[in-house]
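Scroll down for the structure; my scribbles are underneath it.
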Amino acid sequence: MNEYVKSDLIRYRGEGSAFLFIIQYLHSRTFRWQVAFRLVNSHGIEKAIGWVLWTMNRSKKIFQIPRSTKIGYGLYIGHEGPVIVNETAVIGDNCNLSQFTTIGSTDGAAAVIGDNVYIGPSVCIVENVRIGDNATIGAGSVVTKDIPDSATAAGNYARVLNFNNPGRYVGNRYQAGARK
């Protein structure tokens, strides 16, 4: 199994077995899209299969994430979108994207998002900002400035509220040691 696909499956199901892959693939449109995204960015036969799946599973109403977007291991998309991500965004390992998330840029580079980050529903991350590792962005926030590691931020415009319980909403993390 492709390592990125396995990492995403672990985020959804807690383990990466072939049986759970089939169950998740059959029952989740979001996961089907993620499999297509991961495979189309792969190599060889996986890439060819990915192109077929990408063509079949591309729904611009649900996910507007270009295939060239850099996304780390263990992506979890809660609910079925819509999610919009600029192609210049960089998303780290074990990130949660909630419904109605927009990561955009009108000029140049979009955000760089660290590892183990939870982004709540209806969040807009605007332009070239950095979201630190283990950060939590509260629902409805508009992020226009950098958010430090382990911070919880919320509001319009988002501001740091505290540094309590960093990354607490990121479950079933894909461990770096599991990459072999």
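Each residue takes its place number in the sequence, starting with 1.
How far CD1 of Ile23 is from CG of Leu9: 11.0 Å, rounded to the nearest 0.5 Å. Atom OG of residue Ser42 and atom OH of residue Tyr4 lie 9.5 Å apart, to the nearest 0.5 angstrom. With rounding to the nearest 0.5 Å, the separation of CG in Asn41 from OG1 in Thr69 is 8.5 Å. To the nearest 0.5 Å, atoms CZ (Arg173) and CG (Asp93) are separated by 11.0 Å.
In terms of heavy atoms, Thr88 sits closest to Ala110 at OG1-N, 2.8 Å. Of all heavy-atom pairs spanning Leu161 and Ala154, the tightest one is CD1-CB, 3.7 Å. When all heavy atoms are compared, the tightest approach of Glu87 to Pro66 is CB-CG, 3.6 Å. Nearest heavy-atom pair, Gly114 versus Cys95, reported as atom, atom and distance to 0.1 Å: O-SG, 3.1 Å. Of all heavy-atom pairs spanning Gly74 and Arg38, the tightest one is N-NH2, 4.0 Å. In this structure, Thr101 and Ile103 approach most closely via the heavy-atom pair CG2-CG1, 4.1 Å.
Follow the hydrophobic side-chain contacts under 4.5 Å out from Trp51 and you reach Val5 in the same cluster. One hydrophobic cluster, built from ILVMFWY side chains closer than 4.5 Å, cannot hold both Tyr76 and Tyr169; they sit in different ones. Hydrophobic clustering of Ile, Leu, Val, Met, Phe, Trp and Tyr side chains at less than 4.5 Å, counting indirect connections, unites Ile62 with Phe37. Under the 4.5 Å side-chain heavy-atom criterion for grouping Ile, Leu, Val, Met, Phe, Trp and Tyr, Phe63 is connected to Val40 within one hydrophobic cluster.
A side chain to side chain donor-acceptor pair (under 3.5 Å) check over residues 132-145, counting only residues at least two apart or in different chains, returns the pairs Asn116-Asn134. Among pairs with a residue in residues 121-155, none fulfils ring-ring contact (aromatic ring centres under 6.0 Å, His included), at least two apart in sequence or across chains. For residues 17-26, the pairs satisfying side chain to side chain donor-acceptor pair (under 3.5 Å) are Arg13-Gln24, with sequence neighbours left out.
Two residues are said to be in side-chain contact when any heavy atoms from C-beta on lie closer than 4.5 Å; Leu53 and Leu39 meet this criterion. Looking only at side-chain heavy atoms (C-beta outward), Ile77 and Val83 come within less than 4.5 Å of each other. Between Asn164 and Thr152 there is no side-chain heavy-atom pair separated by less than 4.5 Å. For the pair Trp54/Trp33, a side-chain contact is recorded, criterion being any heavy-atom separation below 4.5 Å from C-beta on. For the pair Ile65/Ile84, no side-chain contact is recorded, criterion being any heavy-atom separation below 4.5 Å from C-beta on.
Between Phe31 and Phe21, the distance from one ring center to the other falls under 6.0 angstrom.
A donor-acceptor pair under 3.5 Å is absent between the side-chain atoms of Asn165 and the main chain of Arg168, judged by distance alone. In terms of modelled atom types and a separation under 3.5 Å, the side chain of Asp8 and the main chain of Leu75 share a donor-acceptor contact. No donor-acceptor distance shorter than 3.5 angstrom exists from the side chain of Asn96 to the backbone of Gly120, with no hydrogens or angles considered.
Within a 6.0 Å sphere centred on NZ of Lys70, other residues, nucleotides and ligands contribute 12 heavy atoms or fewer. Taking a 6.0 Å sphere around CZ of Phe163, one finds it holds more than 12 heavy atoms contributed by other residues, nucleotides or ligands. Within 6.0 Å of CZ in Arg67 there are more than 12 heavy atoms belonging to other residues, nucleotides or ligands.
In this structure, the salt bridge (Lys or Arg N to Asp or Glu O under 4.0 Å) partners of Asp149, at least two apart in sequence or on a different chain, are Arg130. Scanning for salt bridge (Lys or Arg N to Asp or Glu O under 4.0 Å) contacts around Arg11 gives an empty result, with sequence neighbours left out. With sequence neighbours excluded, the residues that form a salt bridge (Lys or Arg N to Asp or Glu O under 4.0 Å) with Glu80 are Arg29.
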* Run the side chain to side chain contact (heavy atoms under 4.5 Å, CB included) check on Asp115 and Asn94 step by step: do they pass? -> CA-CA 6 Å; Asp115 297 338; Asn94 296 316; 5.9 Å; no
* To do: Evaluate side chain to side chain contact (heavy atoms under 4.5 Å, CB included) for Ile137 paired with Ile147, printing each intermediate quantity in order.
  => CA-CA 9 Å; Ile137 309 298; Ile147 304 296; 4.0 Å; yes
* To do: Test Ile91 against Val85 for side chain to side chain contact (heavy atoms under 4.5 Å, CB included), laying out the working first.
  => CA-CA 10 Å; Ile91 300 174; Val85 179; 4.2 Å; yes
* Run the side chain to side chain contact (heavy atoms under 4.5 Å, CB included) check on Val143 and Ile131 step by step: do they pass? -> CA-CA 9 Å; Val143 180; Ile131 310 288; 3.8 Å; yes
* **Intermediate values then yes/no, side-chain hydrogen bond (donor to acceptor under 3.5 Å, both in side chains), Ser105 and Glu127** => CA-CA 4 Å; Ser105 175; Glu127 299 301 335; 2.9 Å; yes
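For the residue pair Gln34 and Tyr12, a side-chain donor N or O sits within less than 3.5 Å of a side-chain acceptor on the partner.
Applying side chain to side chain contact (heavy atoms under 4.5 Å, CB included) to Ile113 and the options Ile119, Ile71, Val90 leaves one that passes, Ile119.
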